[in-house]
Structure formats: C-alpha cells, structure tokens
Amino acid sequence: MSQIITLTATNGETIKFVDEVKAQGGMKDVMFSPNKDYVVAFFREPADAATRERLEQITGLYRERIFNQEGGEYLKKLYCWPTAVVEYNGKLGVVVPFYRECFFFEYGSRNNDMLQIKGKDKDGKWFASASNRNRFLDERELGTWMTHLKICIMLSRAVRRMHMAGLSHSDLGYKNCLIDPVTGQACLIDIDGLVVPGRHPPTVVGTPDFIAPEVVASAHLPKDDPNRKLPSRTTDLHALAVLIYMYLLYRHPLRGDKIHDPNDTQRDEELSMGSQALFVEHPTDVSNRIKVANCKPTELPWKDTDKIPYTVCGPYIADLFRRAFIDGLHNPQLRPTADEWERVLVKTVDLLQPCANPDCEQKWYAFDNMRQPKCPFCGMVHSGSLPVLNVYSAAPNGSYHPDNHRIMVYSGQSLFKWHADGTVFPNERLKTEDAKRVGYFVQYQGDWWLVNERLPEMYDVTNKMVIPIGGKVKLVENARILLQKGQGGRLLMVQMAGRV
C-alpha cells in the first residue's frame, strides 16, 4: 500500500506526497500530493551540482523576479512554475502546482472506443494540426478561432515575461504548453529546464518541429564549438512563431513537400528544418509548397495554402509571420519579439467579426479590409452594413495620427479603457478599474450605435455634441468620435463596409 512521505524542501517548506508514480516524463517520475494541489517530480538520473543550483535559482530568485511584481498573481496562471526543491532516496525533485481543471479533457475524443483521453491533460499537440482535430477530438473540445487567438496571446505574454527576467525556455513547443481552446487559456510547463544565459546552459536542444534552423544546422558540431548554436531567447522566438502559426492555421510553416535528399530521410529532415528551411508560403520561392494532392482528407482545407493562406489571420499577424518565416528564418535578430507578438495579437482581437453561419467551425474571422467581407473558413458573406472604426491617437501639437489599428463592430461588442487611452494596454499590469467595459455597440432598427457607459469626455466631433455617460452616438460614414482628450486620447473615424 502506498504511503505518504513527508519531506522538508530546501527552502524550509514541508512537502508531502504519496509514494506512487502517477505519471512519467522523459526525465522525471511524477508523484501527487495527498490533496492533489501539487506534484513532486523526481529526476531519474542523479543530478549534478549545476542542475541543483539551476533548480534552486528557478524556484527562488527567478520565481520571485517574475511573480513578486505588479501583475504577479495573474502571471501564475500562465506557468506551472516549480515552487521548491526536495531530495528523497538520493534523487532530486521539484515541487510543481497541479494543473488547473480547464487543462484536462472534459469530453475527450470523438470515438471513445478508439482513444481514451477523457480526463487526460490537454497537451497542445492535440490542437495544433487539422488531422488531430478532425480525427480524434470531440467537437466540444475544439473552441473557436477567437479562443485560439487568445491562447496565442497567453503564450506570447508568458514568453515575453520570461525573457524580461533574463530567462529562455529552451524547449518551447506544443509538448510543453497546455492549452484549453474552450476558454482560451494557456500555460507553460516543464519550467525546470530554463536557460540562464551565461550561467546555466540548455540541457536539451528542443522538440522537433520547433527547433530553430540555426540549432538544427549546427547540431553536428561539438558543444564547445563557437559555431554551434544552442537554445536561447532568439530560438524561443522561432518556436513561438511556429506555435502561433500552428494554433491559428493547424499546419506547420516549414513542412512542405520539397525533398532535399531522397535517399536519406534523416539528412532530408536536417536540411528541411535546418540550413535549407523554407516557408511553405514563401511569396517567390514556391518549391516547398504543400501539394494538396498529397494531403489526407482530414488535413483539408487547412493544408491548402491557396484556400486558407496565412493572410486570413489579418494584416498585423501576417506581417509578423513574414518577419518570422521569411526575414528572420535564417537571421535570428530579425525575428519578432514576444512583446511584438502580444501587441499584434491583442490588436487582431479588435478585427474579429462573428461568422453568421451557424455551422462554421471557427465562428470568428479577422476582417479582410474588403467592402464586402466574408468568412475565409466557410465562405459565408457578411450581410448588412458593417461599421469599421479607424483609431487615431492624439499628437503633442493637438492633431491626430493614425494608429494602424481598427475596431470591428458587432452587436454586443465592447469598448474598453485601452481603446480610449493609448497609454493603457491589456496585460498583467492592467488595473482592475481599467478592465471594466466603458461602452458597447448595438444595432437597432438597422442603425448602429455606440453607447457611452464610462467615458466622461466622449464627444461627437462631426456634430459638435457631448455624448454624456448613458448617451449614445450613431455610427455613420465619416463620423468622428473623440473617446478621451489629452495625451493618449483616442479618436474614432467611422467607415461603413458591407452591403446595406
């Protein structure tokens, strides 16, 4: 019969666990606490002094650096961060919080006789390919395109905060992140292998599909060779871009149909993911395009890049995909940062429009800047008028300059503080007061209105009228609406799209 073991962690905490292996990873055996509020993961191989020091710093100094700051409580949701180091029977272990409930499958697979995953953790790999989604997962587990966008925001935020603390993950990929497409939540796991530049080098090179080309291309060199590239902040940025591409488009950005070595599959893999890596949607070199004729029915339409190109993600994301997989693919310094990804993804949320087709699997799509928009996933054309709000920010000289930012309107769409004030951004530092809705949009008898709930300075510039709290302003072509005065204040200019 299993017994409860009580230990004192190196930081003085009392740790209890049931002496029974409940799960196994590549390097660790996992045991549960009696209340299942945390787990203890023991390394199977003896740990050297450097590993011990790294774990002590990750659970101590670096944990404090991330969580003991403004927004620290919010950040705890983005990581399964080790809290303490223990030793038992000569083996080193780390104490890690138990996964949140949303990261376990509620329904599991489409066919429970074929695959028993109900109650298992939501490893990100299940959701990253069209084939896995179509063949295995219950439709109630798939979420929508909006929740996948939110997942990408969470992952970018988690990587950005790690990089700010001077850390890199080294093995970022779908195996080391849990995601929940139902709620749009994401959480990075396997934090105990973090790289501390100049102090604690990486212990792994990463997971295939996510290893940066420069790491693959130099993997044959000795570790002490100055030309050998090892996981770092810039390799994290490649992996992050791949994750975002896969979670939004359900295909891999580099795995096309180009064959580099027909006689040696390993060498072909090394070239296609390393020195000869090529974006499957490269605008001028089409040699690595995915051939639709070679695709399985369960991979379509997502692997058909003509039907669903990366540009369906909207102009902001498309620009960063070009930087990640064309400009920065073999030039790491040109890769978009995690902060850039986070900001662009948040802006893209404002481009979303609900699809009117009740059978559309994705439910949402990014506005394509067309006068007559349509859902790129199911082809449903938008019916009726559609206000598009172009955002302008106040300049010091009193004029307003375009923000390259648009807000799409739909009935029930909300306006927030960060829309009215350019100095506010919705991240972990957002104040509770600033997270409240300040206005909303509604369609009534064919006309579109913006209702003011919490903006004391809202002003209809076109008609020179104050819009009091509780009042409303009609959205018509070329209408100009000032949301807030002064530095950071924003002005909306209305364009009408769609067929009236």
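Fair warning: this is a prediction, and the values are worked out from it, not measured in the lab.
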Colleague: Evaluate the side-chain proximity of M31 to V21: yes if any heavy-atom separation is below 4.5 Å, no if none is.
Modeller: yes
Colleague: Verify, without hydrogens or angle tests, whether H419 (side chain) and F416 (backbone) share a donor-acceptor contact under 3.5 angstrom.
Modeller: yes
Colleague: Any salt bridge between E342 and R161, counting N to O under 4.0 Å?
Modeller: no
Colleague: Evaluate side-chain contact (heavy atoms from CB on, under 4.5 Å) for F441 paired with L389, printing each intermediate quantity in order.
Modeller: CA-CA 12 Å; F441 301 94; L389 310 180; 3.5 Å; yes
Colleague: State, without any angle test, whether D48 and T51 hold a side-chain donor-acceptor pair at a distance under 3.5 Å.
Modeller: yes
Colleague: Given salt bridge (charged side-chain N to carboxylate O under 4.0 Å, His left out), test K122 with E141 step by step and report yes or no.
Modeller: CA-CA 10 Å; K122 295 182 180 180; E141 302 281 13; 3.3 Å; yes
Colleague: Has the side chain of N134 got a donor or acceptor atom that lies under 3.5 Å from a matching backbone atom of A130?
Modeller: yes
Colleague: Where do D121 and L178 come nearest, in terms of heavy atoms and distance?
Modeller: OD2-CD2, 3.9 Å
Colleague: Are more than 12 heavy atoms, taken from residues, nucleotides or ligands other than K125, located less than 6.0 Å from that residue's NZ atom?
Modeller: no
Colleague: Output yes when a side-chain donor or acceptor of R251 lies under 3.5 Å from a complementary backbone atom of W302, and no otherwise.
Modeller: yes
Colleague: Please evaluate residues F32 and F98 with respect to the criterion ring-ring contact (aromatic ring centres under 6.0 Å, His included), reporting the C-alpha separation (whole Å), side-chain torsions for both, the decisive distance (0.1 Å), and the verdict.
Modeller: CA-CA 8 Å; F32 291 177; F98 207 77; 5.1 Å; yes
Colleague: For the pair V292 and K307, evaluate side-chain contact (heavy atoms from CB on, under 4.5 Å) and give the outcome as yes or no after the intermediate values.
Modeller: CA-CA 10 Å; V292 176; K307 197 164 188 177; over 6 Å; no
Colleague: So D319 and E340, do their side chains get closer than 4.5 Å, heavy atoms only?
Modeller: no
Colleague: So, for L194 and M162, which heavy atoms are closest and what is the spacing to 0.1 Å?
Modeller: CD2-SD, 3.6 Å
Colleague: Could you tell me if the side chain of P208 sits less than 4.5 Å from the side chain of M273, heavy atoms only?
Modeller: no
Colleague: Mind running side-chain contact (heavy atoms from CB on, under 4.5 Å) on L248 and I244 for me, showing each step along the way?
Modeller: CA-CA 6 Å; L248 295 182; I244 292 169; 3.9 Å; yes
Colleague: Tell me the closest heavy-atom pair linking Y247 and A128, and the distance in Å.
Modeller: CE2-CB, 3.9 Å
Colleague: Looking at D138 and R140, is there a salt bridge between them, counting it only when a charged N and a carboxylate O are closer than 4.0 Å?
Modeller: yes
Colleague: Would you call L167 and R65 a side-chain contact if the rule is heavy atoms closer than 4.5 Å?
Modeller: no
Colleague: Answer yes or no: is there a donor N or O on one side and an acceptor on the other, between the side chain of H252 and the main chain of D209, under 3.5 Å?
Modeller: yes
Colleague: For the aromatic rings, using the six-membered ring if either is Trp, is the centroid distance between H148 and Y250 under 6.0 Å?
Modeller: yes
Colleague: Would you call R52 and E87 a salt bridge, taking side-chain N to carboxylate O under 4.0 Å as the test?
Modeller: yes
Colleague: For V215 versus P231, what's the shortest heavy-atom pair and its separation?
Modeller: CG2-N, 4.4 Å
Colleague: Given the side-chain rings of F377 and Y365, with only the six-membered ring counted for Trp, is the space between their centroids under 6.0 Å?
Modeller: no
Colleague: Does either side chain, that of R322 or that of Y310, offer a donor lying less than 3.5 Å from an acceptor on the other one?
Modeller: yes
Colleague: Give the C-alpha distance, both sets of side-chain angles, the deciding distance and a yes or no for side-chain contact (heavy atoms from CB on, under 4.5 Å) between E299 and S131.
Modeller: CA-CA 5 Å; E299 296 175 321; S131 182; 4.0 Å; yes
Colleague: Whether K417 and E433 form a salt bridge (side-chain N of Lys/Arg under 4.0 Å from carboxylate O of Asp/Glu) is what I want to check.
Modeller: no
Colleague: Within the 4.5 Å heavy-atom criterion, are R110 and E139 side-chain neighbours or not?
Modeller: yes
Colleague: Is any side-chain heavy atom of D257 closer than 4.5 Å to one of N294?
Modeller: yes
Colleague: Please work out which of the three classes, parallel, tilted or perpendicular, describes the rings of F279 and Y245, given edges at 30° and 60°.
Modeller: perpendicular
Colleague: Closest heavy-atom contact between V312 and W145?
Modeller: O-CH2, 4.3 Å
Colleague: Assess whether a salt bridge exists between E269 and R255, defined as any Lys/Arg side-chain N lying under 4.0 Å from an Asp/Glu carboxylate O.
Modeller: yes
Colleague: Are R406 and D350 ion-paired here, with the side-chain N under 4.0 Å from a carboxylate O?
Modeller: no
Colleague: With a 3.5 Å distance limit and no angle check, can you tell me whether E281 reaches the backbone of P309 through a side-chain donor-acceptor pair?
Modeller: no
Colleague: Is a donor from one side chain sitting under 3.5 angstrom from an acceptor on the other, for T337 and D339?
Modeller: no
Colleague: Taking all heavy atoms of A158 and all of Y79, pick out the closest pair and write down the distance.
Modeller: O-OH, 2.5 Å
Colleague: For the NZ atom on K150, are there more than 12 heavy atoms of other groups (residues, nucleotides or ligands in this structure) within a distance under 6.0 Å?
Modeller: no
Colleague: If you count every heavy atom of other residues, nucleotides or ligands that lies below 6.0 Å from E106 atom CD, does the total exceed 12?
Modeller: no
Colleague: Validate the cation-pi geometry between K91 and F42: distance from NZ or CZ to the six-membered ring centre under 6.0 Å, angle to the ring axis within 45°.
Modeller: no
Colleague: Do we see a donor-acceptor contact under 3.5 Å between the side chains of T234 and S232?
Modeller: yes
Colleague: Do H282 and N288 have side-chain N/O donor and acceptor atoms under 3.5 Å apart?
Modeller: no
Colleague: Could E73 and K76 be called an ion pair, given the rule that one side-chain N must be under 4.0 Å from one carboxylate O?
Modeller: yes
Colleague: Strictly by modelled atom types, are N176 and H169 linked by a side-chain donor-acceptor pair under 3.5 Å?
Modeller: no
Colleague: Output yes when a side-chain donor or acceptor of T59 lies under 3.5 Å from a complementary backbone atom of V85, and no otherwise.
Modeller: no
Colleague: Any side-chain heavy atom of P376 sitting closer than 4.5 Å to one from D368?
Modeller: no
Colleague: Less than 4.5 Å apart, side chain to side chain, heavy atoms only: is that true for C313 and T348?
Modeller: no
Colleague: Could you walk me through whether E428 and K77 satisfy the salt bridge (charged side-chain N to carboxylate O under 4.0 Å, His left out) test, starting with their C-alpha distance in whole Å, then the side-chain angles of each, then the deciding distance to 0.1 Å, before giving a yes or no?
Modeller: CA-CA 10 Å; E428 73 276 8; K77 295 179 181 179; over 6 Å; no
Colleague: Between Y174 and F127 (judged by ring centroids, cut-off 6.0 Å), do the two rings come close enough to count as a pair?
Modeller: no
Colleague: Between R335 (side chain only) and L329 (backbone N and O only), is there a donor and an acceptor less than 3.5 Å apart?
Modeller: yes
Colleague: State whether D192 and K28 are salt-bridged, where the test is any N-O pair (Lys NZ or Arg NE/NH1/NH2 against Asp/Glu carboxylate O) under 4.0 Å.
Modeller: yes
